[in-house]
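Read through the structure below, which is laid out as C-alpha cells, and then see the notes.
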Protein chains: 2
Amino acid sequence: MADVTQGRPYHHGNLRAALLDAAERVLRERGVDQLSLRELAKETGVSHAAPRRHFPDRQALLDALAEAGFAQLDTALRSALANAGDDFPARARAAATAYTRFATENAALLELMYTSKHRPGATRIVKAAEAPFGLLNALIVQGQERGELQAGDPERIGIVLFATLQGIASIINGNIVKPELRDGLVEAAVDQFLRGTRPLP
Amino acid sequence: MADVTQGRPYHHGNLRAALLDAAERVLRERGVDQLSLRELAKETGVSHAAPRRHFPDRQALLDALAEAGFAQLDTALRSALANAGDDFPARARAAATAYTRFATENAALLELMYTSKHRPGATRIVKAAEAPFGLLNALIVQGQERGELQAGDPERIGIVLFATLQGIASIINGNIVKPELRDGLVEAAVDQFLRGTRPLP
DNA sequence: GGAGAATGTTGTCATGGACTACAAAGTAGT
DNA sequence: ACTACTTTGTAGTCCATGACAACATTCTCC
C-alpha cells in the first residue's frame, strides 16, 4: 500500500544522491564524527536501515563523499586554470589559490579525502584523486616546457610547493593564522617557489 | 571489602595517568575513533565508569592527550635545539627536522592537538601550545638578531616555513609521498627559506 | 502479467558514551 | 582513634548508533 500521509512514494527515487547531499552538509557544519547514518536517514525521510541499500556501511558513504570531493576539486582547479590566461606564473598562482581555497572552504571534506584515500583497498578514491593531481603535474610540465622551471621529475619539483599549500591550508584550518591571510600567503609561497625553481641561466 | 582476587586494591592509585598512557597507545595504533573509554577501562582493569572520575567525558580525555602532546613536542624541540650547536642555519634545520619528525611519528596525536586546540574553551590546550610555538618564534628572532633573516614581525616571517613543514608532514601522513623523503624535503624547505628570507645586502 | 531484482521498512543486537545511586578507601579535625 | 567529609571506584541503566536479518513494496523486463 502506498503511503498517502507523506508525499514521498515507497521508493525515494534518488536516495543515494540525497544522502550524499545531506552528508556533505553535515560534514561541513558539524564534522565527520557527528555524521550519523540514522540522522541522515531521518532528514531524508527514510527508515534508519534504508541507507544500507546504497552504502554497506558508514565507511562506504564516507568513501563516496571523498570520491566526490576529488571530482569537485578537479572541477575547481580546471575552472581556475581556464580563467587564468596564458602566463605561466599567473596559471601557477591561480591553481595554488584555487587549491588552498578549496582546502580551507572544505576542510573536513579534504581531510576525509586524504584519510580515505590512503586506506587499503580504496581504489576508486585513488582513481578519483588522479584527475586533480594529474592536472597539477601537467602544470609543472608546462612550466618546464616554457623554460620557467628547472627540468627534472615534475612530481619531485612540485612537491615542496604542494606541501606548502597544504600546510597553509592546515594552519588556517587549525586556527593558527587568520583566514584573511590565506591568499597573501599563497602568493608569497608561489613567488618564492618560482624564484627558487627558476632554471639556471 | 578489599578485592583479593586481583592484585589491585580498591583504589587504583594512578588511574588518570594509566588511562592516558593506554589512550596514547590506542591513538597511535588504531586512531582516534577506535578509542573507547570502556575499552581503556577494561585494559586498565577498572570498571567502565571509573574513567569518568578523571575525565568528565571522552572529549576531556582527548583534550588531556592533546595538552600532553604539546608538552612532548616542546621537549622534542628543546632537545633538538640543545644539540644543534650555535650556527643559525643548523639550528633552523634541527628544529624543522624535529618538528616534522614529531608530526609524522605522532600523526594522530598531532591532528588531535590542532583540532582540540581550536575548539572554543580549550584554554589549557592553547596555553600548552604556547611553549613550543614560543620556541619557534624565539628561533626566528635569533636569526634576525644575527643578521641571517630579514627584520619584521617574526610570526609573519616564520609562517610560510612553518606551513611548509606542516604540509610536508601532512603529505607524508596522507601517503602522498614516501616517508623516506621526509628529511630531504625538510632540508630543501629550510634552505629555500634561508635563501628567500636573507636580508637584502 | 509474472518473476526476479531493487529498494525500503521493522525489528533486533552489540557497542559505547553519559548518567545515577551506592560502596569503599583515604583524610582531616577533634 | 572516632567521626565527618572527600575522593575514587562499582553496578546498573538509558540512549544513540552501526550492523544485520526478515519481510514488504515497487520496478523492470521478458
Side-chain angles (χ1 to χ4, degrees), chain A residues 1-23 25-27 29-66 108 112 115-116 119 121, chain B residues 1-23 25-27 29-66 108 112 115-116 119 121:
Chain A
M1 173 173 38
D3 183 6
V4 193
T5 63
Q6 295 229 353
R8 184 176 70 74
Y10 189 88
H11 284 110
H12 179 286
N14 207 12
L15 184 53
R16 190 190 147 93
L19 288 171
L20 285 176
D21 272 9
R25 191 173 40 68
V26 172
L27 182 64
E29 290 171 2
R30 288 182 294 157
V32 216
D33 32 298
Q34 290 304 308
L35 193 158
S36 117
L37 291 180
R38 286 175 106 108
E39 189 198 327
L40 293 182
K42 187 177 289 185
E43 279 186 23
T44 317
V46 294
S47 77
H48 62 95
R52 206 173 142 66
R53 293 289 171 206
H54 303 275
F55 307 101
D57 57 17
R58 195 182 113 105
Q59 189 56 55
L61 183 141
L62 296 183
D63 283 0
L65 276 180
L112 183 62
T115 60
S116 299
R119 230 201 19 272
Chain B
M1 173 176 33
D3 181 8
V4 193
T5 63
Q6 296 228 353
R8 183 175 70 75
Y10 189 89
H11 283 109
H12 178 287
N14 206 12
L15 184 52
R16 191 190 146 93
L19 288 171
L20 285 176
D21 272 9
R25 191 173 40 67
V26 172
L27 181 65
E29 291 171 2
R30 288 185 290 157
V32 214
D33 32 296
Q34 290 303 307
L35 194 159
S36 117
L37 291 181
R38 286 174 108 109
E39 189 198 327
L40 293 183
K42 186 178 289 186
E43 279 186 24
T44 317
V46 295
S47 77
H48 63 99
R52 204 173 144 68
R53 291 292 169 203
H54 303 275
F55 307 102
D57 58 15
R58 196 182 112 106
Q59 187 57 54
L61 184 141
L62 296 183
D63 283 359
L65 276 180
L112 184 62
T115 59
S116 298
R119 231 198 20 270

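Quick note on labels: first sequence line is chain A, next is B, and so on, each numbered from 1.
- Interatomic distance, B:L19 CG to B:L40 CG, rounded to the nearest 0.5 Å: 6.0 Å.
- Residues passing the side chain to side chain contact (heavy atoms under 4.5 Å, CB included) test with B:A50, sequence neighbours excluded: B:L15, B:V46, B:S47.
- What separates CG of A:D33 from P of C:dG16 is a distance of 16 Å, to the nearest Å.
- Taking every side-chain heavy atom of A:H48 into account, C:dT12 is the closest of C:dT9, C:dC19, C:dT12.
- Nucleotide D:dT8 holds its P atom 13 Å from the CG atom of B:L19, rounded to whole Å.
- Computed from coordinates, the B:Q59 CD to C:dG16 C1' distance equals 16 Å when rounded to whole Å.
- Backbone-only contact: A:H54 has heavy atoms under 4.0 Å from sugar-phosphate atoms and none from a base.
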Distances for protein N or O near nucleotides 26-28 of chain C N or O, under 3.5 Å:
none

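- Listed by residue number, the members of residues 34-43 of chain A with any heavy atom below 4.0 angstrom from DNA chain D are A:L35, A:S36, A:L37, A:R38.
- The nucleotide whose nearest atom lies closest to any side-chain atom of B:R53 is, among D:dT8, D:dA19, C:dT10, D:dT8.
- At whole-Å resolution of the value, CZ in B:R58 and C1' in D:dC15 are 17 Å apart.
- Rounded to whole Å, the distance from CG on A:L61 to P on D:dA19 is 11 Å.
- Every residue two or more places apart in sequence or in another chain that forms a side chain to side chain contact (heavy atoms under 4.5 Å, CB included) with B:R58 is listed here: B:V32, B:L35, B:L37, B:L62.
- Spacing between atom CG of A:L15 and atom P of D:dT25 amounts to 19 Å, rounded to whole angstrom units.
- A distance of 11.0 Å separates CG in B:L20 from CG in B:L27, rounded to the nearest 0.5 Å.
- Neither OP1 nor OP2 of C:dA18 sits under 4.0 Å from any side-chain N or O of B:R52.
- Residues forming a salt bridge (Lys or Arg N to Asp or Glu O under 4.0 Å) with B:R16 (at least two apart in sequence, or on another chain): none.
- For the side chain to side chain contact (heavy atoms under 4.5 Å, CB included) test, residues two or more places apart in sequence or in another chain that qualify with B:A60 are B:F55, B:P56, B:D57.
- Of all the heavy atoms in A:Q59 and A:S116, the pair that sits closest is NE2-OG, 4.0 Å.
- Within the structure, every pair that satisfies the salt bridge (Lys or Arg N to Asp or Glu O under 4.0 Å) test and touches residues 31-45 of chain B, not counting sequence neighbours, is listed here: B:R25-B:E43, B:R30-B:E39.
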